[in-house]
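Quick notes on the structure that follows.
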Amino acid sequence: MSRIYKQKKSRYYFYDTVIDGIRIRRSTHQTNKKLADEVRLKWDQDIVKYGISQFQRGITPESKLRGVCEDYLNRIEPICPSSDRFNQTKRTVNRFIEFCAANSILTPMDITKQIIEAFIRHLSVEDKLASKTVRNIIQIISQMFNDWVGMDIMQKNPCLYVKLPKQRQVRENRVLTAEDINIILNDSSIWRPYYLVLLETGLRAGDAACIFYEDFDLRNKLLSVRIRKIGKVYNLSVSDRLIEELDLAPGKSGPVFPKLYNTDPQKVNDRTAIPRKYLQKILRENNRPHATLHSFRHTFNHLLSLSGVSMSDRQILLAHSSTNTTKIYSHPDQNLQKSIINALSQTIRELENTT
């Protein structure tokens, strides 16, 4: 005899029955008991009609791959740490759905280790994605499968048994020297304001690219910026010099860097490749070691350390993503921030003028 029941960690009713000593337990994807009972009756009929083996392979309409994936996305959206993280997950899941549809994979039960290996080959060979990107995609898919295992939609996670492509060794982001800063700021052309924002705020490239003139509080010399990685807004002190360099004034509006700004995070990442390549061109032409835009963040942290700024204050100024840090340092001393940032700005000015 079949039954429906509720699990503590799920808002859905679950279907449960035992046929020939084999237990079947599956989410009905229904929160209404009456509708869940209708699904139960339908599945009882499917077992009689198709047999238990076909039923276990997800022949019922409620278990179609696209529907289960969409249900997963609907459930995780409210609990994702940021909209960017959710959008990344959504893009990845949709990419996987398209691959499965092209290969006649119709239900979660059809997904095997071999299918995941084929998906990895598709990403690496046909889409020509970097190993790191492929690994990130499989990690997102694996998280979805773990959720399905917990809901009895899938018996085991096939991603746990595949061999991921080796990640190419990348060069570490280095700290820029006084000579580097001098060369970069004097040869940076139209990108000088952007490089200065990165150097004097320690912001990540994508976050700095999306700041607006309206985000600046000139009276208190603060910048309210949304940290995409964690989906939170931080108030960061800005120096007098940066206010002057950006030509900030009351009434100005719109993105500070319109050549970089876009509402699509992926397009922002693509656009920041332009100042990154320009930076690397400057360094290469001056026989300086390789660096990236993230090197400005490392340099910001290094200069703060040399100035005697404590680890806790540096975490605040870097808008650290650690949850524990956020809880402990949720009310930073803004007067202290201002004095630190102006001192740092003076240090950068001196490095820029080093001969």
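Numbering starts at 1 and runs along the sequence shown.
The two atoms that bring V268 and A209 nearest to each other are CG1-CB, 4.0 Å, heavy atoms only. Across all non-hydrogen atoms, the minimal contact from I211 to V197 is CD1-CG1, 4.3 Å. Scanning all heavy atoms of the two residues, the minimum distance from L199 to F300 falls at O-CD1, 3.3 Å.
For D270 and K267, the salt-bridge test fails: no basic side-chain N is under 4.0 Å from an acidic carboxylate O. Contact check on R75 versus D71 returns a salt bridge, with a Lys/Arg side-chain nitrogen under 4.0 Å from an Asp/Glu carboxylate oxygen. Ion pair D187/R192 not flagged as a salt bridge, since none of the NZ, NE, NH1 or NH2 atoms sits closer than 4.0 Å to an Asp/Glu carboxylate oxygen. Salt-bridge formation is not detected for the pair D217/K221: no Lys NZ or Arg NE/NH1/NH2 atom is positioned less than 4.0 Å from an Asp or Glu carboxylate oxygen. Salt-bridge check for K42 with E38: failed, with every basic side-chain N at 4.0 Å or more from each acidic carboxylate O.
Listed by chain and residue number, R226 satisfy the side chain to side chain donor-acceptor pair (under 3.5 Å) test with S83 (two or more places apart in sequence, or in another chain).
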- request: Take L246 and F216 through the test side chain to side chain contact (heavy atoms under 4.5 Å, CB included) and record every step on the way to the result.
  value: CA-CA 11 Å; L246 294 180; F216 288 91; 3.8 Å; yes

- request: Any chance you could lay out the side chain to side chain donor-acceptor pair (under 3.5 Å) test for Y13 and N32, step after step, and finish with the verdict?
  value: CA-CA 8 Å; Y13 281 92; N32 181 283; over 6 Å; no

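Remark: R241 CZ is packed, more than 12 non-hydrogen atoms of other residues, nucleotides or ligands lying under 6.0 Å away. Heavy atoms from other residues, nucleotides or ligands lying under 6.0 Å from CD of Q114 number more than 12. Within 6.0 Å of NZ in K156 there are 12 or fewer heavy atoms belonging to other residues, nucleotides or ligands. Counting heavy-atom neighbours within 6.0 Å of K6 NZ, excluding the residue itself, gives a total above 12.
By the 6.0 Å and 45° rule, R121 does not stack over the aromatic ring of F119.
Side-chain atoms of D37 never come within 3.5 Å of backbone atoms of K33 as a donor-acceptor pair (strictly under, hydrogens ignored). Judged by distance alone, with hydrogens and angles left aside, the side-chain atoms of N186 form no donor-acceptor pair with the main-chain N or O of I183 at under 3.5 Å. For the pair N269 (side chain) and Q266 (backbone), a donor-acceptor distance under 3.5 Å is absent. Side-chain N or O atoms of R3 include none that pairs as donor or acceptor with a backbone N or O of D16 at under 3.5 Å. Side-chain atoms of S189 do not come within 3.5 Å of backbone N or O of W191 as any donor-acceptor pair. Side-chain N or O atoms of D127 include none that pairs as donor or acceptor with a backbone N or O of L129 at under 3.5 Å. The closest donor-acceptor contact from the side chain of N262 to the backbone of D264 lies under 3.5 Å. Looking only at distances, no side-chain donor or acceptor of E200 sits under 3.5 Å from a matching main-chain atom of S239. In this structure a side-chain-to-backbone donor-acceptor pair under 3.5 Å is present from D110 to T107.
Ring pair W43/Y15 is perpendicular by interplanar angle, where above 60° counts as perpendicular and below 30° as parallel. Ring geometry for F99 against H122 counts as tilted: the plane angle lies between 30° and 60°, on a 0 to 90° scale.
In summary, the side chains of D44 and T17 do not present any donor paired with an acceptor at a separation below 3.5 Å, with no hydrogens or angles considered.
In this structure, CG on L164 lies 5.0 Å from CD1 on I120, to the nearest 0.5 angstrom.
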